[in-house]
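As structure tokens, the structure follows; a few thoughts come after it.
For the single chain, residues carry numbers from 1 onward in sequence order. These values consider heavy atoms only, across backbone and side chains, with no hydrogens, waters or symmetry-generated copies.
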Amino acid sequence: MGCLEFLKDFVLGFWDYETPKVMVVKDRKLGVIYRAVQFLVITYFIWHVFISQKAYQETETRPESSVYTEMRGVAMLEDSVQDTTEYVRPSEGGDVISTILRREVTHDQTQGTCAEHYSVANANCTQDSDCAKGEIDFDGHGQRTGRCIPYYNDTFKTCEIKSWCPIEEYAVVREPALEQAINFTVFIKNAIHFPKFKVLRGNIKPNKPKKLLRCHYHPKTNPYCPVFSLGFIAAQAREKFSELCRTGGIIGVFINWKCDFDSDPSKCIPTYSFRRLDMRKNLPSSGYYYRFAKYYHKDGVEYRTLIKAYGIRLDVIVHGHAGRFSLIPTIISTVTAMTSVGICSIICDWIMLTFIDKNEVFSEKKFDNISKKPSQPITTDLTLTSYGSTHSDLSDGVPL
């Protein structure tokens, strides 16, 4: 029976209508709390929502963008002149560009047979039977011939392989770092289009191209000069340029467009920030390097020079955010603000009924249950008291 009564009350109560009841509570502490919460809610919406976040605007966060980069500078490496053709990859420019700061070179490699490096698994041997013919170790340098030979000029032996010989670990020559590259400059040209607002912006002024040849970026004096030195980029990313020369690194160049098109679009100027992207704390995978080779022929034999290049790779990443006044988000934000003010009453009601209303005086006044039922007829007992005769005979002319 208890469950049936509960379900009956729930079903019948579901169709009840609730309406707020205005009750004035003469309590100074509760009034102060109510006004303080109102002030905080209103301040939040005025300052943060409308002024800071500009909730009255429609926004666009996925603009169309293009990036062109160009590295400039000349340096001397011992007696050799290093220009952009030598140290810049790729040469055509794009949103990713790298410069070589240090090289490890293996000269005059040719296809042939030579001893495998002793650090490769199962490469050390004492006799030919220790080397399986045709076996390829993916951590090694080539295919094993089945012979056990002396490791170049040393006394111990390793398995012989077919490969580009001599192998890199044995014949590599480590060149000094290109420390003069700290003065190399990178020109970054960026154009961005906000299709929703039909606005196209660029980070350079088209009528002053010659100025770009002798200027450097400064956020206040030269905001339209996107020319950055590698030393400036490393410093902004909080990196030591000498350490980057040793291990290489990947640095992100972030171009941030935050535009308010309620004002003049020409005032929309990008800001730049720089941050190291590779995990420098994880030493085995930190840094940036790659290998490439230069091929040539001598006496009818093909040779190559293998180069392991350490350098700085710049990844240009563009972020765009633009806004303009629109009636619909303004109405939505205003209604949300007005509705949120109602939270003040809910909070104060909870405080009043939980901490102040110990004797349930306020709860009796706040909550009323009113049901509309037909009124019962009111019965009245009528008592008649007679004095004298209740009959008159007007024909006899006798008064009552």
Let me check something: do [X] and [Y] share a hydrophobic cluster, defined by ILVMFWY side-chain heavy atoms less than 4.5 Å apart, either directly or through other members?
{"X": "Ile317", "Y": "Ile312", "result": "yes"}
{"X": "Val41", "Y": "Val49", "result": "yes"}
{"X": "Leu277", "Y": "Ile233", "result": "yes"}

Derivation of the ring-ring contact (aromatic ring centres under 6.0 Å, His included) call for Phe228 and Phe274: CA-CA 11 Å; Phe228 310 90; Phe274 307 88; 5.6 Å; yes
Thr126 versus Asp130, side-chain donor and acceptor atoms under 3.5 Å: yes
Pairing residues for Glu104 by the salt bridge (Lys or Arg N to Asp or Glu O under 4.0 Å) criterion, not counting sequence neighbours: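 Checked Glu104 against salt bridge (Lys or Arg N to Asp or Glu O under 4.0 Å); matches are Arg102, Arg174.
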Hey, is the main chain of [Y] close enough, under 3.5 Å, to the side chain of [X] for a donor-acceptor pair?
{"X": "Asn124", "Y": "Thr158", "value": "no"}
{"X": "Thr247", "Y": "Glu243", "value": "yes"}
{"X": "Gln109", "Y": "Pro166", "value": "yes"}
{"X": "Glu175", "Y": "Val105", "value": "no"}
{"X": "Asp278", "Y": "Ile250", "value": "yes"}
{"X": "Thr330", "Y": "Tyr56", "value": "yes"}
{"X": "Ser326", "Y": "Glu58", "value": "no"}
{"X": "Arg201", "Y": "Cys268", "value": "yes"}
{"X": "Asp83", "Y": "Thr85", "value": "yes"}
{"X": "Asp137", "Y": "Asp139", "value": "yes"}

Stepwise side chain to side chain donor-acceptor pair (under 3.5 Å) test for Asn190 and Ser65: CA-CA 7 Å; Asn190 176 225; Ser65 175; 3.0 Å; yes
Heavy-atom closest pair, residues [X] and [Y]:
{"X": "Val341", "Y": "Ile42", "result": "CG2-CG1, 4.4 Å"}
{"X": "Val81", "Y": "Val74", "result": "CG1-CG1, 3.7 Å"}
{"X": "Glu116", "Y": "Ala123", "result": "CG-CB, 3.8 Å"}
{"X": "Ile167", "Y": "Ala115", "result": "CD1-O, 3.8 Å"}
{"X": "Ile351", "Y": "Ile33", "result": "CD1-CG2, 3.9 Å"}
{"X": "Ile192", "Y": "Leu200", "result": "O-CD1, 3.2 Å"}

If you define the side chain from C-beta out and look only at heavy atoms, does anything of [X] sit under 4.5 Å from [Y]?
{"X": "Pro226", "Y": "Ile204", "result": "yes"}
{"X": "Lys157", "Y": "Tyr151", "result": "no"}
{"X": "Pro176", "Y": "Leu77", "result": "yes"}
{"X": "Leu230", "Y": "Val186", "result": "yes"}
{"X": "Leu244", "Y": "Arg276", "result": "yes"}
{"X": "Val37", "Y": "Ile343", "result": "no"}
{"X": "Ile269", "Y": "Lys258", "result": "no"}

Working for side chain to side chain donor-acceptor pair (under 3.5 Å), residues Ser80 and Gln82: CA-CA 6 Å; Ser80 175; Gln82 301 291 313; 3.1 Å; yes
Lys308 to Tyr290, cation-pi by 6.0 Å centre distance and 45° axis angle: no
Cation-pi check, Arg89 onto Phe292 ring (under 6.0 Å, within 45° of axis): yes
SG-SG distance Cys148 to Cys159 under 2.5 Å: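 No disulfide here.
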Qualifying residue for side chain to side chain contact (heavy atoms under 4.5 Å, CB included) with Ile97, from Ile188, Val316, Thr69, Val253: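 Option passing the side chain to side chain contact (heavy atoms under 4.5 Å, CB included) with Ile97: Thr69.
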Considering residues, nucleotides and ligands other than [X], do more than 12 of their heavy atoms fall under 6.0 Å from its [atom1]?
{"X": "Asn122", "atom1": "CG", "answer": "no"}
{"X": "Met76", "atom1": "CE", "answer": "yes"}
{"X": "Glu179", "atom1": "CD", "answer": "no"}
{"X": "Lys54", "atom1": "NZ", "answer": "yes"}

Verdict with supporting geometry, Thr59 and Gln57, side chain to side chain donor-acceptor pair (under 3.5 Å): CA-CA 6 Å; Thr59 60; Gln57 293 181 335; over 6 Å; no
Verdict with reasoning, Cys114 to Cys165, per disulfide (SG to SG under 2.5 Å): CA-CA 6 Å; Cys114 54; Cys165 297; 2.1 Å; yes
Glu302/Lys294 under salt bridge (charged side-chain N to carboxylate O under 4.0 Å, His left out): CA gap, chis, key distance, verdict: CA-CA 11 Å; Glu302 184 183 32; Lys294 295 181 178 180; over 6 Å; no
Carboxylate-amine/guanidinium contact Lys196 Glu60, below 4.0 Å: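 Salt bridge absent between Lys196 and Glu60.
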Glu168 with Arg304: basic N within carboxylate O range, under 4.0 Å: no
Stepwise side chain to side chain contact (heavy atoms under 4.5 Å, CB included) test for Ile46 and Ile51: CA-CA 6 Å; Ile46 292 177; Ile51 297 179; 4.2 Å; yes
Ring center gap for Phe156 and Tyr118 short of 6.0 angstrom: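 Ring centres of Tyr118 and Phe156 closer than 6.0 Å.
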Tyr295 ring center near Tyr303 ring center (under 6.0 Å): no
Side chain to side chain contact (heavy atoms under 4.5 Å, CB included) between Val318 and Val67, worked out: CA-CA 9 Å; Val318 182; Val67 175; 3.8 Å; yes
Mutual orientation of the aromatic rings belonging to Tyr87 and Phe184 [parallel < 30°, tilted 30-60°, perpendicular > 60°]: parallel
ring-ring contact (aromatic ring centres under 6.0 Å, His included) partner of Tyr272, chosen from Phe232, Trp257, Tyr217, Phe254: Tyr217
